[in-house]
Amino acid sequence: MNEMTPMADYVFAPEPTPTIPVAGSNKLFPVRRIYCVGRNFADHAIEMGHDPDKEPPFFFQKNPDSILPPGKDFPYPPETNDVHHEIELVVALKSGGTDIPLDKALDCVFGYGVGLDMTRRDLQGQAKKMGRPWETGKSFEASAPCSAIHPVSEVGHPAQGAIRLAVNGRTRQEGDLNQMIWKVPEMIAHLSRLFALRPGDVIFAGTPAGVGAVVRGDVMTGHVEGVDDITVTVV
Ligand code: MN
């Protein structure tokens with residue numbers, strides 16, 4: 001072993017860092033944390049039985065290794081009969097901090113992708129009813145399919161444009177990024193008051209109305225205008 005490359009004395013080899021490919025290069029975006037915004041589109045809040053005027057959006061998390069890289073199939077998860085798609089803009093951070101001011105928030109963004117916040121709706125529903133945490137509904141294996149990340153230098157900071165999802169060619173979800181209750185800078189500023197944001201953190205920015213179930217064999221095709229498409233088969 002070389003003195004210049006000391007190896008930590010782990011009791012076993014650490015798991016590899018989860019990554020998302022960066023579009024147009026061979027580089028990888030290393031994922032540190034996954035934050036998700038709940039009820040960030042009024043029409044989705046209403047379809048889930050909530051009043052967006054009384055309840056502002058909020059955050060939950062998935063595990064970093066929940067990322068399903070582009071091109072991979074989504075394995076239908078265990079212990080559920082009601083797995084839902086949620087098409088979302090994904091915000092990938094290159095820097096972070098705490099108490100980030102609104103006018104500095106976009107400086108933290110490396111790029112954007114298109115993601116699916118896959119949800120075991122039946123387990124989430126039980127958890128809500130019993131006042132329990134959401135992890136079993138939200139943070140399971142492969143629950144965060146994501147397209148390649150597109151750097152800001154390529155796509156800018158998309159604030160409007162179509163966001164939609166089709167299953168087997170039939171449109172299920174349709175909205176516009178300009179309908180997001182919390183805009184991207186507000187999400188980052190809010191989050192940075194609750195958590196210390198770091199490079200590699202990603203934010204799933206919430207979903208428009210039309211969420212619904214998928215079954216094995218379904219092909220989900222998502223699109224965020226000006227960012228990318230995502231195609232994921234349920235197996
Ligand atoms: Mn969601």
Side-chain angles (χ1 to χ4, degrees), residues 15 18 20 31 33-52 55 57-90 113-147 163-175 179-181 202-224 229-235:
E15 291 287 305
I20 309 170
V31 179
R33 289 184 184 170
I34 302 174
Y35 295 101
C36 300
V37 185
R39 298 176 205 148
N40 200 27
F41 284 76
D43 57 353
H44 173 61
I46 291 164
E47 79 175 342
M48 298 304 290
H50 301 272
D51 180 348
E55 300 175 52
F58 57 91
F59 300 105
F60 59 91
Q61 283 173 262
K62 293 188 186 236
N63 294 309
D65 64 354
S66 305
I67 288 287
L68 182 72
K72 296 262 203 282
D73 293 336
F74 172 75
Y76 197 91
E79 299 294 323
T80 181
N81 293 302
D82 195 24
V83 175
H84 280 204
H85 51 75
E86 297 188 358
I87 181 77
E88 312 207 353
L89 176 71
V90 175
V114 180
L116 293 167
D117 168 14
M118 299 304 295
T119 303
R120 289 192 281 214
R121 194 71 75 200
D122 42 3
L123 299 193
Q124 185 200 27
Q126 283 172 21
K128 284 182 187 174
K129 212 176 294 174
M130 300 174 81
R132 289 181 177 168
W134 281 14
E135 278 82 357
T136 57
K138 286 291 194 179
S139 194
F140 52 91
E141 272 54 58
S143 62
C146 193
S147 75
I163 175 169
R164 61 172 175 264
L165 181 105
V167 177
N168 305 328
R170 180 168 299 190
T171 300
R172 294 261 193 102
Q173 293 188 260
E174 208 161 18
Q179 297 166 332
M180 293 196 298
I181 296 169
V202 301
I203 306 167
F204 278 61
T207 201
V211 300
V214 289
V215 296
R216 286 186 183 86
D218 282 348
V219 179
M220 302 179 284
T221 51
H223 172 77
V224 176
D229 299 311
I230 186 172
T231 300
V232 183
T233 302
V234 183
V235 296

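Since we're looking at a predicted model, the values are computed, not measured.
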Practice task
For Phe140, check ring-ring contact (aromatic ring centres under 6.0 Å, His included) against everything at least two apart and list the hits.
Solution key: none
Exercise for the section: Sequence neighbours left out, what passes side chain to side chain donor-acceptor pair (under 3.5 Å) with Ser66? Give chain and number order. Expected result: none
Fill in the blank from the handout: Between Ile230 and Gly115, the two heavy atoms sitting closest are CD1-CA, 4.5 Å
Practice task
Working to the nearest 0.5 Å, report the span between CD1 of Ile20 and OG of Ser147.
Solution key: 8.0 Å
Completion exercise
Interatomic distance, CD1@Ile67 vs CD1@Ile34, rounded to 0.5 Å, equals 4.0 Å
Practice task
Identify, with sequence neighbours excluded, every residue that meets side chain to side chain contact (heavy atoms under 4.5 Å, CB included) alongside Asp65.
Solution key: Pro18, Asn63
Practice task
Applying side chain to side chain contact (heavy atoms under 4.5 Å, CB included), name anything that partners Arg172, two or more places apart in sequence or on another chain.
Solution key: His85, Val167
Exercise for the section: Starting at CD of Gln124, measure out to CG of Asp82 and round the result to the nearest 0.5 Å. Expected result: 10.0 Å
Completion exercise
By ring-ring contact (aromatic ring centres under 6.0 Å, His included), Phe60 pairs with (sequence neighbours left out) Trp134
Practice task
Could you tell me whether the side chain of Lys62 and the main chain of Ala144 form a donor-acceptor pair under 3.5 Å?
Solution key: no
Handout entry: Between CZ on residue Phe41 and CE on residue Met48, distance to nearest 0.5 Å
Key = 15.0 Å
Practice task
Output the distance between atom CD (Glu135) and atom CZ (Arg120), rounded to the nearest 0.5 Å.
Solution key: 11.5 Å
Exercise for the section: Taking all heavy atoms of Asn40 and all of Ala205, pick out the closest pair and write down the distance. Expected result: ND2-O, 3.0 Å
Problem - Lys138: partners by salt bridge (Lys or Arg N to Asp or Glu O under 4.0 Å), with sequence neighbours left out - result: Glu86, Asp117
Handout entry: Non-neighbouring partners of Glu174 that pass salt bridge (Lys or Arg N to Asp or Glu O under 4.0 Å), sequence neighbours left out
Key = none
Practice task
Please name all residues satisfying side chain to side chain contact (heavy atoms under 4.5 Å, CB included) with Pro52, sequence neighbours left out, ordered by chain then number.
Solution key: Ala42, Ala45, Ile46, Ile181
Practice task
Please name all residues satisfying side chain to side chain contact (heavy atoms under 4.5 Å, CB included) with Glu141, sequence neighbours left out, ordered by chain then number.
Solution key: none
Problem - All salt bridge (Lys or Arg N to Asp or Glu O under 4.0 Å) counterparts of Arg33, not counting sequence neighbours - result: none
Practice task
Would you list the pairs meeting salt bridge (Lys or Arg N to Asp or Glu O under 4.0 Å) in which at least one residue belongs to residues 69-79, sequence neighbours left out?
Solution key: none
Exercise for the section: Kindly compute the distance separating CZ (Arg39) from CD (Glu47), expressed to the nearest 0.5 Å. Expected result: 11.5 Å
Exercise for the section: Looking only at non-hydrogen atoms, find the nearest pair between Val37 and Phe59 and report the distance. Expected result: CG2-CE2, 3.7 Å
Name each donor-acceptor pair under 3.5 Å that joins a side chain in residues 206-223 to protein atoms two or more places apart or in another chain, with its distance.
| unit_1 | atom_1 | unit_2 | atom_2 | d |
| --- | --- | --- | --- | --- |
| Thr207 | OG1 | Ile87 | N | 3.1 |
| Thr207 | OG1 | Ile87 | O | 2.8 |
| Thr207 | OG1 | Gln173 | NE2 | 2.7 |
| Asp218 | OD1 | Asn168 | ND2 | 2.9 |
| Asp218 | OD2 | Val215 | N | 2.9 |
| His223 | ND1 | Asp229 | OD1 | 2.5 |

